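The structure appears right after this line, and notes come after that.
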Amino acid sequence: MKSTLQSLFSSMDILLLERIAEGRFRVLAPPPTWTGKLTQTGFKVGSEVSLSEDFFVLDTFFPDAEDLWNSSKEGTINCDPWIQCDEEGQEWPLAARAIHSNGKPLLLLEHLGESYTRQQQMHQLARESMLSKDELELEVHRRTALIRKGEEELAHRLLDVSNWRDEETGAHIRRIGLYSELMAKALGWSLQDVDNIRLAAPMHDIGKVGIPDYVLLKPGRLDAEERRIMERHAYIGGEMLKGSEIPMIEMAHQIAIGHHEKWNGKGYPNQLSGSDIPIAARIVAIVDVYDALSSERVYKPAWPEDEVLAYLRKERGSHFDPELIDLFFELLPEMRNIRLLLPDKKG
Amino acid sequence: MISKKVCMLGSFAVGKTSLIRRFIVSIFEEKYQTSVGVKVDKKQITIDDKQLNMMLWDLAGEDAFNTLQQNFLRGSSGFILVADGTRQSSLEKSLELYQRIRPDYPEAAFVLVLNKVDLQESWQVSDEQLRALRADGWQIFLTSAKTGEQVELLFEQLGRLMLHQEIAT
Ligand SMILES: Nc1nc2c(ncn2[C@@H]2O[C@H](COP(=O)(O)OP(=O)(O)OP(=O)(O)O)[C@@H](O)[C@H]2O)c(=O)[nH]1
Ligand SMILES: [Fe+2]
Ligand SMILES: [Fe+2]
Ligand SMILES: [Mg+2]
């Protein structure tokens, strides 16, 4: 019985040892052939050996093994595989197991062979698939980042075209983007759309490039005819930006053409009302008026804040979307912050 | 001769095995063959007239399938935390491993490696991040196991750090 167990161990490529003292072991069964390749002294049944020379990796395992062998517990602990080279450079994947059974402290050294190859292949597959997933994700990120960069550049170029002759300052333009972003976030829009409105809202008055100087730059009040010409900027802006497949530009189109529409249908150019006006345009309508009234212009001083707010409140449900006005008031402290951080440059 | 144990740690596929292979036999292999378990290589180097025997423990990368077997670290004097500069997540992994290990090895030398520096077009670690890490006290090497860039330097510098500790203790 004992000998069959012993030959079983050696046929399984297992070296079976009994611990006799710290760092000392006795070979219990005929050692498998690889022991000859990996040891200097050669192991025989009954010989007493120290493993630290030939299997030095085990030194990292022995402290845990000693704990088990010296305890009153029965059980097994495993040491992860390691690879050991023989003189000829052949690699041997080995694993160890410490056993405390029937009061006997045992150590098993096992050549993993096929099972190692299988485990290696499994890990290889798993890791390669994780890598290609990582790479794909990265590629998608890289492309979106590239597209976003292109869109931002486009937005800035478009603004450059119109901005230089407008009475509205660069700071106003940027604030409109930030106020709108704030509203969009509070409405729970997707990150994409929040980004889009931040870039698109500054283009609301882009159509003013098409307005003649004598109207655009007139210091005093506009007469009825001049006002009619001035109002065309919404339509012109809409035309400039229409038909784009880029969602950000499409949003800019809606904003440019829709930011002077009113909730009650009395705005321009199309007299849309209620939710027929795209929401991006309804948002910009509010923040544009808020910012314009709060700022000084060549033809008017800045209004005091309480008057601006009173005006917005009065126009709730007539000029402005009532729900969006409520949201605006909730966000008022943050709106003020934007004004503080990005003030108009004097002079 | 002084002998020191060094562990290569990091996420999978960052180039731990490749760095050792470059250092020891000056070979680079494009094909990825993941390591399972640990493999130990030795190399003797001379640092400022001192001979040092480096035992380089190449540990399997940690991932969802494999957690680091802590017992293999016993007796280490140095740790090379390897990250792949084209995979931000691998840098996070290295720093996480450091947090986990450092308390057990307060005397050991730690260096951080951002490998695959030859892959500039997919590089993900910003200069700002590098500055912040250096300001945190990290010794960082930007290596390539492919071209050999900074590989010798890495092991030499780590060897020097470990020898200094020898003197200090
Ligand atoms: N371009 C480039 N590729 C590298 C570099 N270093 C390693 N690689 C490649 O990256 C892949 C992984 O390299 P390994 O050295 O096997 O990585 P590892 O960290 O040992 O991986 P695990 O053993 O799975 O933890 C291989 O395909 C290498 O050829 C490098 O500096 N530059
Ligand atoms: Fe307008
Ligand atoms: Fe405006
Ligand atoms: Mg490896």
Side-chain angles (χ1 to χ4, degrees), chain A residues 38 52 54-68 77-85 89-98 110-113 115-139 141-143 145-146, chain B residues 3 5 7 10-17 20 24-25 31-42 53 55-76 83-93 104-105 116 119 121-126:
Chain A
L38 295 175
S52 295
D54 298 314
F55 302 98
F56 63 87
V57 169
L58 285 175
D59 281 348
T60 65
F61 178 57
F62 286 149
D64 298 328
E66 284 294 335
D67 282 349
L68 173 70
I77 54 168
N78 294 315
C79 176
D80 261 13
W82 74 95
I83 291 161
Q84 206 157 318
C85 288
Q90 196 188 336
E91 299 191 338
W92 298 85
L94 305 177
R97 177 176 302 190
E110 183 184 1
H111 172 228
L112 296 172
S115 82
Y116 178 83
T117 314
R118 274 197 306 279
Q119 197 185 349
Q120 201 277 339
Q121 282 165 352
M122 193 200 85
H123 281 233
Q124 183 81 33
L125 266 176
R127 287 172 179 162
E128 273 172 9
S129 69
M130 281 193 286
L131 277 183
S132 53
K133 181 194 128 274
D134 271 13
E135 241 159 58
L136 268 176
E137 257 174 33
L138 198 66
E139 188 56 32
H141 267 132
R142 206 177 308 158
R143 283 193 203 160
L146 218 65
Chain B
S3 196
K5 172 173 174 179
C7 284
S11 180
F12 64 99
V14 293
K16 299 180 292 297
T17 304
I20 292 182
I24 292 184
V25 289
K31 195 174 170 311
Y32 174 38
Q33 175 139 36
T34 188
S35 312
V36 172
V38 64
K39 186 161 178 284
V40 185
D41 281 290
K42 295 172 203 174
N53 181 33
M55 314 275 288
L56 299 167
W57 289 53
D58 180 14
L59 298 165
E62 191 173 75
D63 60 30
F65 300 87
N66 179 61
T67 50
L68 183 70
Q69 179 122 11
Q70 297 263 0
N71 72 270
F72 282 148
L73 308 182
R74 285 203 173 102
S76 300
D84 174 347
T86 70
R87 266 160 66 216
Q88 189 65 242
S89 63
S90 71
L91 175 56
E92 282 152 29
K93 180 90 224 175
D104 293 334
Y105 296 87
K116 308 197 188 179
L119 298 175
E121 71 282 8
S122 15
W123 196 253
Q124 278 199 305
V125 182
S126 67

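Convention: sequence-line order gives letters A, B, ...; per-chain numbering from 1. Computed from a prediction, not measured in an experiment: that's the story for all the values here.
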* Proximal component of Cys85(A), with respect to chain B [non-hydrogen, under 4.5 Å] ->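 Contact with chain B is through the side chain of Cys85(A) alone.
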
* Proximal component of Gln121(A), with respect to chain B [non-hydrogen, under 4.5 Å] ->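 Neither the backbone nor the side chain of Gln121(A) comes within 4.5 Å of chain B.
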
* Would a distance-only check, ignoring hydrogens and angles, find a side-chain to backbone donor-acceptor pair under 3.5 Å from Tyr116(A) to Val36(B)? ->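 Yes, Tyr116(A) side chain to Val36(B) backbone: donor-acceptor pair under 3.5 Å.
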
Checking [X] now: which residues fulfil side chain to side chain donor-acceptor pair (under 3.5 Å) with it, not counting sequence neighbours?
{"X": "Ser90(B)", "result": "none"}
{"X": "Gln124(A)", "result": "Gln120(A), Glu128(A)"}
{"X": "Asp41(B)", "result": "none"}

* Can you tell which part of Gln70(B) gets under 4.5 Å to a heavy atom of chain A, answering side chain, backbone, both or neither? =>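 For Gln70(B), no heavy atom lies under 4.5 Å from chain A.
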
* Give, as side chain, backbone, both or neither, the part of Thr86(B) having an atom under 4.5 angstrom from any heavy atom of chain A. =>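 For Thr86(B), the backbone is the part near chain A, not the side chain.
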
* Might you point out which heavy atoms bring Pro81(A) and Phe72(B) nearest each other, and give the distance in Å? =>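 Where Pro81(A) meets Phe72(B) most closely, the heavy atoms are O-CZ, 3.8 Å.
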
* Does CZ in Arg97(A) sit with more than 12 non-hydrogen atoms of other residues, nucleotides or ligands closer than 6.0 Å? ->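 Result for CZ/Arg97(A): open.
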
* Asked: What residues of residues 56-65 of chain A sit under 4.5 Å from chain B when you count only heavy atoms?
  ->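 The list, in residue order, reads Phe56(A), Val57(A), Thr60(A), Phe61(A), Pro63(A), Asp64(A).
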
* To do: Assess whether side-chain contact (heavy atoms from CB on, under 4.5 Å) is satisfied between Tyr32(B) and Arg127(A), documenting all intermediate values.
  => CA-CA 10 Å; Tyr32(B) 174 38; Arg127(A) 287 172 179 162; 3.6 Å; yes

* Any side-chain heavy-atom pair of Val40(B) and Gln84(A) under 4.5 Å ->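 The answer is no, as the side chains (C-beta and beyond) never meet within the 4.5 Å cut-off.
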
